[in-house]
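Comments concern the structure below.
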Amino acid sequence: MQMDILGILRKYWGHGAFRPLQETIIQSVLEGRDTLALMPTGGGKSVCFQVPAMAQEGICIVVTPLIALMKDQVENLKERGIAAVAIYSGMRKREVDIALDNCIYGPIKFLYLSPERLTSELVRERIRHMNVNLFAIDEAHCISQWGYDFRPPYLQLSDLRELHPDVPYLALTATATPDVVTDIQEKLGFRNGVVLKKSFYRENLAYMVLHEEDKQRRMLRIIRKLGGSGIVYVRNRRETQETARFLVNEGISADFYHAGLPPEERTAKQDNWKSGHTRVIVATNAFGMGIDKADVRFVIHLEPPDSLEAYYQEAGRAGRDGKKSHAVLLYQDGDLTQLKKNFEDSFPSVDDIRKVYQYLGNFFQLAYGAGENLTLDFDIGEFCHRYGLEPIPVLNSLKFLERDGWVLLTESVYLPSRIKFEVQPDELYKFQVENQQLDSFIKMILRAYGGAFDHYIPIREQELSRKFGLAYQGVIDRLLYLHKMQIIDYLPRTDSPQMQYLRPRMDSQHLYIDASFINIRKKIKENKLQAVFDYLSSQRCRSQSLLAYFDEPESAACGECDVCLRKNRKNPTDSEMKTALDKALSLGPLALRDLVDHMDAGDEEQRLVFLRKCLDHGLLEERDGLLYHVS
């Protein structure tokens with residue numbers, strides 16, 4: 001029996017109305033139709049599967065590759081009083097077992113799965129016994145080889161149809177070209193499916209593309225001019241620190257973020273930025289997924305991304321509150337050379353892929369014929385260092401090995417320490433009586449962490465140390481002793497990528513690698529890279545260019561991007577430029593770049609031409625790097 005969807009939205013999410021397209025998507029799902037929903041970043045995709053799942057009996061299974069997002073959504077649902085669990089790489093078999101049992105026999109409404117979990121026969125068999133009301137496939141473009149972020153484990157999603165033939169699919173993505181839209185439906189086996197699309201047009205977002213040699217100084221001027229909170233995207237971890245340090249030294253509240261930071265540090269940096277304590281976060285593309293901050297006034301890219309899909313998604317994190325915001329892409333000629341190199345590195349030869357597989361077996365000291373379904377912590381930095389390899393070719397070799405079913409590499413996953421009592425309450429009481437030295441410690445755990453007899457409960461050793469007045473190592477020692485005595489199952493925290501062997505290790509020379517697939521992917525990526533180059537050099541409205549790429553060819557010019565502003569700007573008179581110059585210099589002498597920024601007539605090139613003319617005619621003079629009026 002279905003419940004009132006607007007009532008559910010009000011009760012659990014506190015909203016009085018749906019956003020555009022949300023209600024249409026929800027009604028399509030409730031009618032049992034396979035549905036592909038294309039909604040821009042920040043368009044409210046999660047409500048589109050959460051509300052219909054709550055309106056029906058049974059459980060919704062959500063597949064997403066974004067583990068950070070998965071965890072956030074599960075916590076968010078729990079805070080709203082909705083039972084949800086997540087299963088992802090790194091969890092022990094018994095943890096997974098208990099979570100799946102709760103989905104079959106308990107009140108769980110949402111089960112979040114990473115796609116690689118669907119390779120497990122255990123998981124598929126348990127799903128068969130669940131009362132599933134909806135399959136929600138987030139980041140659905142990952143299923144398509146035509147997409148910019150193809151992930152082979154997504155191909156397992158067609159198996160879900162066999163488990164529950166009558167349950168509809170809701171596939172969601174923020175970025176899909178026409179080829180990808182068609183491919184998603186084919187790969188998921190849509191029956192009487194429907195595609196619902198919200199325009200990718202962002203009327204409040206001004207796209208700017210600027211060719212700039214001194215990108216850091218230009219970034220600084222943009223941040224000072226625009227004000228508000230923002231994100232600066234850079235290519236690698238080292239640049240996050242260097243750029244954040246540069247901003248701090250210039251008086252801008254900034255911090256850096258990348259996936260290699262400890263989990264607590266990542267969380268603290270996110271929270272400081274979201275709360276406004278940090279104004280600018282400088283990050284790799286690891287930052288942003290699932291981080292909902294509405295009042296981001298600017299997103300600046302210090303290098304062009306390798307696809308327009310990635311750029312649209314990252315730039316789209318600006319202005320989710322509907323207020324005027326800017327997406328600025330700064331580039332220089334060397335960036336284009338680097339993009340081409342990265343592209344070539346992304347497609348190693350078959351021999352190179354076989355070498356990586358061989359080195360991998362040596363790295364783990366795995367015997368030939370051994371290792372099937374074995375999961376191991378994998379430090380790619382150490383691996384590359386040991387064998388003198390470059391990370392980009394290695395990562396892409398692993399992707400092709402993954403696609404052909406040899407191994408599976410999952411992203412770095414933070415799992416907090418967890419415990420579960422392995423004995424019943426009466427047995428625990430008996431143990432406490434016989435081990436008085438541990439009695440108060442066990443009582444404290446029982447008070448602090450309820451439910452540990454039935455489920456694995458996250459714990460914080462540091463918190464126990466503080467509450468119990470024990471040294472941190474003393475807490476660890478007690479937990480390990482209780483684990484050894486089989487009173488608890490104690491799983492210490494971990495934060496490392498996982499490498500899983502899907503088949504026994506074999507001789508690398510007999511390893512089958514699908515070379516034709518590699519060539520197809522190379523051509524697809526080459527086309528996407530060319531689309532980026534075309535976007536950078538285009539004299540067409542930036543918004544129109546992006547929308548045409550996403551199959552919206554008839555859009556109007558935005559009037560706000562750098563191209564539109566150049567076309568629409570009238571040539572200022574010398575008198576207007578002189579007034580703008582006098583107004584800027586009323587603040588005092590300024591460096592050339594600062595003076596250009598403070599003038600409010602003409603574009604940058606026109607201002608520079610006018611200032612050079614003033615210098616040539618002796619109307620301005622330069623002293624110690626500053627420009628003055630000639631008195």
Side-chain angles (χ1 to χ4, degrees), residues 19-20 39-47 66 68-69 72-73 76 174-175 198-210 215-216 218-235 239-240 243-244 246-248 250-259 261 266-305 308-330 542-543 546 558 560-562:
R19 294 188 198 177
M39 302 176 75
T41 300
K45 294 193 293 293
S46 57
V47 162
L66 307 171
L69 178 63
D72 285 348
Q73 289 203 2
N76 191 277
T175 47
K198 183 179 177 182
S199 172
F200 283 43
Y201 179 53
R202 294 283 305 277
E203 63 181 351
N204 66 311
L205 193 54
Y207 295 99
M208 302 283 173
V209 176
L210 305 173
K215 292 189 292 185
Q216 287 212 329
R218 188 60 174 268
M219 167 194 66
L220 180 64
R221 299 202 308 275
I222 291 166
I223 290 171
R224 284 176 172 162
K225 186 173 182 179
L226 294 179
S229 173
I231 308 171
V232 175
Y233 281 110
V234 296
R235 184 178 289 119
E239 286 181 42
T240 64
T243 305
F246 168 77
L247 289 173
V248 169
E250 294 291 340
I252 304 288
S253 169
D255 202 353
F256 66 94
Y257 181 102
H258 57 71
L261 295 167
R266 289 205 301 268
T267 300
K269 287 171 183 281
Q270 286 176 19
D271 291 346
N272 284 337
W273 179 72
K274 286 165 74 174
S275 65
H277 287 100
T278 301
R279 183 183 165 200
V280 179
I281 195 87
V282 184
T284 60
N285 61 8
F287 183 81
M289 289 292 187
I291 296 171
D292 191 14
K293 181 173 169 64
D295 61 342
V296 178
R297 296 279 66 87
F298 58 86
V299 170
I300 299 172
H301 282 74
L302 285 188
E303 293 93 12
L308 289 182
E309 288 96 332
Y311 180 66
Y312 179 82
Q313 196 160 41
E314 289 162 12
R317 291 179 184 133
R320 293 187 184 182
D321 57 4
K323 296 179 181 177
K324 181 68 177 291
S325 304
H326 289 77
V328 184
L329 199 166
L330 302 175
R542 302 295 179 191
S543 182
L546 285 171
C558 72
E560 299 284 351
C561 70
D562 62 297

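In this text the structure is predicted, and so the values were computed from the model without any measurement.
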How far apart are the closest heavy atoms of [X] and [Y], and which atoms are they?
X	Y	value
A174	Y312	O-CE2, 4.0 Å
T240	F256	O-CB, 3.3 Å
P305	A310	CB-CB, 4.4 Å
P20	M39	O-CE, 4.3 Å
A244	A254	O-CB, 4.1 Å
R235	T284	O-CG2, 4.4 Å

Next item on the list: Could you pull out all residues at least two apart from H301 that satisfy ring-ring contact (aromatic ring centres under 6.0 Å, His included)?
Entry: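 Counting only residues at least two positions away or on another chain, H301 forms a ring-ring contact (aromatic ring centres under 6.0 Å, His included) with Y233, Y311.
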
Item checked: ring-ring contact (aromatic ring centres under 6.0 Å, His included) partners of F298, counting only residues at least two apart -> none

Note to self: Assess the residue pair R218 and L330 against the criterion (side chain to side chain contact (heavy atoms under 4.5 Å, CB included)); give the C-alpha distance rounded to whole Å, side-chain angles, the decisive distance to 0.1 Å, and a yes or no.
What the structure shows: CA-CA 8 Å; R218 188 60 174 268; L330 302 175; 4.0 Å; yes

Check: Is E250 salt-bridged to R224, going by a charged N under 4.0 Å from an acidic O?
Finding: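 R224 and E250: salt-bridged.
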
Check: Should the pair K323-D295 be classified as a salt bridge under the 4.0 Å nitrogen-to-oxygen rule?
Finding: no

Notebook entry, point to check: Run the side chain to side chain contact (heavy atoms under 4.5 Å, CB included) check on Q270 and F287 step by step: do they pass?
Noted result: CA-CA 9 Å; Q270 286 176 19; F287 183 81; 3.9 Å; yes

Any donor-acceptor pair under 3.5 Å from [X] side chain to [Y] backbone:
X	Y	result
E303	V234	no
R297	L226	no
R202	G316	yes
K215	L302	yes
T278	S253	no

What's the separation between atom [atom1] in [X] and atom [atom2] in [Y], rounded to the nearest 0.5 Å?
X	Y	atom1	atom2	answer
K274	T267	NZ	OG1	9.5 Å
S543	Y207	OG	OH	6.0 Å
Y201	C558	OH	SG	6.5 Å
R266	D271	CZ	CG	12.5 Å
Q216	R221	CD	CZ	12.5 Å
S275	K293	OG	NZ	7.5 Å

Check: Which residue, D255, V232, N272, forms the side-chain contact (heavy atoms from CB on, under 4.5 Å) with I281?
Finding: D255

Are the side chains of [X] and [Y] in touch, meaning some heavy atoms are under 4.5 Å apart?
X	Y	result
V328	V299	no
L220	F246	yes
M219	L247	yes
L329	M208	no
I231	R317	yes

Check: Mind checking what makes side chain to side chain donor-acceptor pair (under 3.5 Å) contact with S229, not counting sequence neighbours?
Finding: W273

